[in-house]
Amino acid sequence: MTQPRLSIGLPVYNGEDYLEQSLDAVLGQTFTDFELILSSNASTDRTDDICGAYAAKDRRITFYRQERNIGAAPHHDFVFRKSRGELFKWASGDDLWGRDLVARCVELLDQHPDAILAHTYTAAIDGDDKVIQALEYPLHTDASEPAERLRSMLFDGDLPGAIQADDFYGVMRADVLRAVKPHNSFYHADQVFMAEVALHGRFLQVPEWLYFRRHHDGRALQANPTISSWSRNLDPKRANKLVHPPVRLVAEYILGYFAAVRRAPLTAAQQSECNRQIRRWLTSRVTRRLPGQSKPAPIQYFGAVDALSVQTLVAGSEGHR
C-alpha cells in the first residue's frame with residue numbers, strides 16, 4: 001500500500017447531525033494525497049452507519065469502532081497512532097474546511113521546512129452554516145524564539161468570546177507529534193498540548209478564512225461547561241471527583257506548562273525564559289481575580305462575517321441544509 005503524504009484523523013462520538021457534511025468537505029479537498037482515519041467512540045446514534053457508508057465508497061478511508069467510550073483525549077491519540085503520513089491533521093465531525101485548505105497548508109510547509117504546523121484563519125459558524133465570527137489570527141506563533149511563541153499563546157488569545165486561533169486542527173509534521181506527550185485530560189489540556197508542540201517549532205498561517213468551526217449546543221465545549229465535566233469528557237477515568245477534584249485538574253493544567261518546557265528541545269537559557277513567561281501569566285491570572293481588578297471585556301467586533309460564504313468555499317455544502 002502506497003504511503004500517503006498526509007494522514008487525517010477524525011475521531012467522532014454521536015456526530016450524526018453534521019458528520020456527513022464534514023466528511024464531504026474533507027473528501028472534496030483539492031489536495032488528494034491523503035488517508036482518512038475514521039473512528040467512532042462507541043457511538044449510539046447513526047454515526048457508525050455514516051462512517052461505514054463513506055468507507056465503502058472511498059478507498060482512502062479506514063473505519064474503526066471503539067467498543068467502549070475511551071474518552072476524547074485517548075480517542076484523538078488513537079487515530080494519530082493509526083496514521084502513516086509524514087504530515088498529520090485532526091478533523092472534527094462538526095467543522096468544515098474550504099476546499100483549498102489542505103493544499104494551501106501543505107504548500108506553506110513545503111516552502112518553510114523549519115515550520116512544524118500550518119493552518120488558515122478560523123471562522124465560526126452556527127448550526128445552519130451561517131458565519132457568525134471571522135477574526136484574524138492574533139498569535140505570534142511564527143516567531144523564531146520559543147519563549148515568544150509561548151508568551152503569545154499564554155497572553156495574546158485572552159479575549160472572551162473570540163474564536164481566533166484553532167491550531168489544534170492545523171496540518172502538522174507527524175514526527176513532532178510523536179515527540180511530544182500525548183494530549184492529557186486535565187482542565188485546558190488542549191492548550192498545554194499545543195504549547196508543547198509550539199516549543200518545537202514555528203506555526204504558520206494562510207491569511208484566509210478556510211477553516212469553519214461550528215458552534216452548537218452539542219459540541220464538547222458547550223456540553224461540558226464545568227472543570228470536572230470537561231475533564232471527564234476527555235477521559236472517563238477522571239469521573240471520580242474524590243480522586244480528581246477540580247483543584248487537582250487546575251493544578252495539573254498549571255504544572256503542565258512547566259513540564260512541557262522541561263521536555264522540549266530547548267537550551268537552558270530558553271527554558272529559563274519560557275518559565276519566566278509562565279510565571280508572568282500565572283501572576284496575571286491570580287491578580288485579576290483580586291477585588292477591584294477588571295477582567296478582559298467580551299468582544300464587540302465579530303469580523304467581516306458578511307463577506308464569507310460556506311456554500312461558496314466548502315466542497316459539498318451546496319447539497320446540505
Side-chain angles (χ1 to χ4, degrees), residues 6 9 73 76-77 80 83 86-92 101 104-106 108-122 135-159 162-207 211 213 234 252-282 284-285:
L6 168 72
H76 278 75
D77 189 57
F80 171 61
S83 68
E86 65 175 281
L87 302 173
F88 182 82
K89 184 184 189 320
W90 274 296
S92 166
L101 181 148
R104 298 291 301 278
C105 290
V106 172
L108 203 55
L109 287 175
D110 286 344
Q111 293 171 351
H112 300 274
D114 65 309
I116 62 171
L117 181 151
H119 201 8
T120 72
Y121 286 178
T122 296
L135 301 175
E136 293 185 4
Y137 184 80
L139 307 183
H140 297 161
T141 49
D142 61 341
S144 58
E145 280 300 315
E148 171 58 16
R149 298 194 295 269
L150 179 61
R151 182 210 63 78
S152 187
M153 296 179 85
L154 291 171
F155 287 97
D156 294 342
D158 189 20
L159 191 58
I163 307 299
Q164 298 171 288
D166 212 349
D167 291 316
F168 185 84
Y169 291 107
V171 176
M172 308 184 217
R173 300 196 190 276
D175 59 342
V176 173
L177 283 180
R178 293 188 180 94
V180 302
K181 186 176 181 178
H183 193 301
N184 212 313
S185 56
F186 48 76
Y187 187 55
H188 288 324
D190 56 329
Q191 296 179 18
V192 175
F193 176 79
M194 289 312 301
E196 182 166 356
V197 174
L199 292 174
H200 284 251
R202 299 193 303 139
F203 295 178
L204 301 179
Q205 296 289 318
V206 176
Y211 190 83
R213 180 183 174 92
L234 289 175
E252 288 186 47
Y253 164 43
I254 296 167
L255 295 174
Y257 282 116
F258 291 106
V261 170
R262 288 196 301 271
R263 289 190 294 266
L266 306 175
T267 66
Q270 289 172 328
Q271 283 190 344
S272 177
E273 179 59 19
C274 286
N275 286 331
R276 187 179 76 85
Q277 296 298 341
I278 298 170
R279 291 192 295 270
R280 283 186 59 234
W281 165 77
L282 183 57
S284 73
R285 290 305 184 273

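Side chains included, hydrogens not; waters and symmetry mates left out as well; all remaining heavy atoms used.
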Candidate pair R285 and I254, rule side chain to side chain contact (heavy atoms under 4.5 Å, CB included), full reasoning: CA-CA 11 Å; R285 290 305 184 273; I254 296 167; over 6 Å; no
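- The side-chain contact (heavy atoms from CB on, under 4.5 Å) test with Y257 singles out one residue from I278, N275, L199, and that residue is I278.
- By the 6.0 Å and 45° rule, R213 does not stack over the aromatic ring of Y169.
- The nearest pair of heavy atoms linking T120 to Y211 is OG1-N, 3.3 Å.
- Between Y137 and H119 the shortest side-chain heavy-atom distance does not fall below 4.5 Å.
- Across L150 and A195, no two heavy atoms sit closer than the pair CD1-CB, 3.9 Å.
- In this structure, R280 and R151 have side chains that are in contact, with non-hydrogen atoms separated by less than 4.5 Å.
- Aromatic ring pairs are classed by plane angle as parallel below 30°, tilted from 30° to 60° and perpendicular above 60°; the pair F88 and W90 is perpendicular.
- Contact of the Q205 side chain with the D167 side chain is registered, since non-hydrogen atoms from C-beta on lie closer than 4.5 Å.
- When all heavy atoms of Q271 and R262 are compared, the closest pair comes out as NE2-O, 3.6 Å.
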Please lay out, stage by stage, how I116 and F203 fare under the test side chain to side chain contact (heavy atoms under 4.5 Å, CB included). CA-CA 6 Å; I116 62 171; F203 295 178; 4.0 Å; yes
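- With a 4.5 Å cut-off on side-chain heavy atoms, P182 and F80 do not count as touching.
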Before giving the answer on side chain to side chain contact (heavy atoms under 4.5 Å, CB included), spell out for L139 and M153 the whole-Å C-alpha distance, their side-chain angles and the decisive distance to 0.1 Å. CA-CA 6 Å; L139 307 183; M153 296 179 85; 4.3 Å; yes
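- Contact of the H183 side chain with the D77 side chain is not registered, since no non-hydrogen atoms from C-beta on lie closer than 4.5 Å.
- Listed here is the closest heavy atom pair of S152 and P138: OG-O, 4.4 Å.
- For the residue pair L234 and N184, the shortest heavy atom distance occurs at CD1-O, 4.0 Å.
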Test log, rule side chain to side chain contact (heavy atoms under 4.5 Å, CB included), inputs R173 and L87: CA-CA 5 Å; R173 300 196 190 276; L87 302 173; 4.2 Å; yes
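- A 4.5 Å side-chain heavy-atom check between L282 and R279 finds every atom pair outside the cut-off.
- Side-chain contact check for P146 versus Q277: every heavy-atom pair is 4.5 Å or farther apart.
- A pairwise comparison of heavy atoms in P265 and H200 identifies CD-CE1, 3.4 Å as the closest pair.
- L109 is not listed as a side-chain neighbour of E86, based on a closest heavy-atom distance of 4.5 Å or more.
- Taking CG from L117 and NE2 from H112, the interatomic distance works out to 13.5 Å, rounded to the nearest 0.5 Å.
- Between the CG atom of L101 and the NZ atom of K89 there is a distance of 5.5 Å, given to the nearest 0.5 Å.
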After noting the C-alpha distance and the side-chain angles of K181 and E196, does the key distance pass the salt bridge (Lys or Arg N to Asp or Glu O under 4.0 Å) rule? CA-CA 8 Å; K181 186 176 181 178; E196 182 166 356; over 6 Å; no
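- Judged by distance alone, with hydrogens and angles left aside, the side-chain atoms of R202 form no donor-acceptor pair with the main-chain N or O of R149 at under 3.5 Å.
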